[in-house]
Amino acid sequence: MKSDQEREAHKRFLKALQHEHLTCTKPGCGGAMEVVDHTLHSARIKTYEAACEQCHTVEHITGKETHQPAWDVASITLMAESHLLHDQPTCPFDETPITFVSLHNPRRRARYRLLCYYCGRHAEMNWPPPEAKR
Ligand SMILES: [Zn+2]
Ligand SMILES: [Zn+2]
């Protein structure tokens, strides 16, 4: 489904997303990279700029926005359930860890937004999900 190049780019994206150590890919360098988050406030996908502290190579690391096909109800429920169990749910399309954002909603129940910062897919749901109620 993905080319080697895409797979590699996704791996580097995950490291940036999870604040893991990135090393320069330039042959013979392997220097540590400083990663800065350049994501625009309204953006659905994350954009990073990594700069090698050794050779000053700049690498742009971004998600790949894809909205189709959208998440179906079953996969949204599955993600919510693993979040409830304190597991890290991942996007069923690209295996990127999902981010849960609490939405302020003073008059109603808690609402959460689920986001995949790689593909930009997102969903909103009431919290706790109906099936978790007694
Ligand atoms: Zn370098
Ligand atoms: Zn995704």
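We count ligands from 1, going down the list as the structure has it; atoms in each ligand are counted the same way. Residue numbers count from 1 along this sequence.
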Has the side chain of H10 got a donor or acceptor atom that lies under 3.5 Å from a matching backbone atom of D94? yes
What is the name of the N/O/S atom of D94 that is nearest to the Zn ion (ligand 2)? OD2
Under the 3.5 angstrom rule, does the side chain of R113 hit a backbone N or O of M125 as a donor-acceptor pair? no
Which residues and atoms, protein N, O or S only, are under 2.8 Å from the Zn ion (ligand 1)? C24 SG, C29 SG, C52 SG, C55 SG
Check: T66 side chain, K64 main-chain N or O, donor-acceptor pair, under 3.5 Å: yes
Is the backbone N or O of L114 less than 3.5 Å from a side-chain atom of E124, with the two atoms forming a donor-acceptor pair by type? no
Apply side-chain contact (heavy atoms from CB on, under 4.5 Å) to the pair L17 and Y117, showing each step before the final yes or no. CA-CA 8 Å; L17 182 71; Y117 279 127; 4.1 Å; yes
Give me the ring orientation class for H83 and Y112: parallel if the planes are under 30° apart, tilted from 30 to 60°, perpendicular past 60°. tilted
May I ask you to decide if L115's main-chain N or O and R44's side chain share a donor-acceptor pair within less than 3.5 Å? no
When you draw lines from the Zn ion (ligand 2) to SG of C91 and to SG of C119, what angle lies between them, to the nearest 10°? 120°
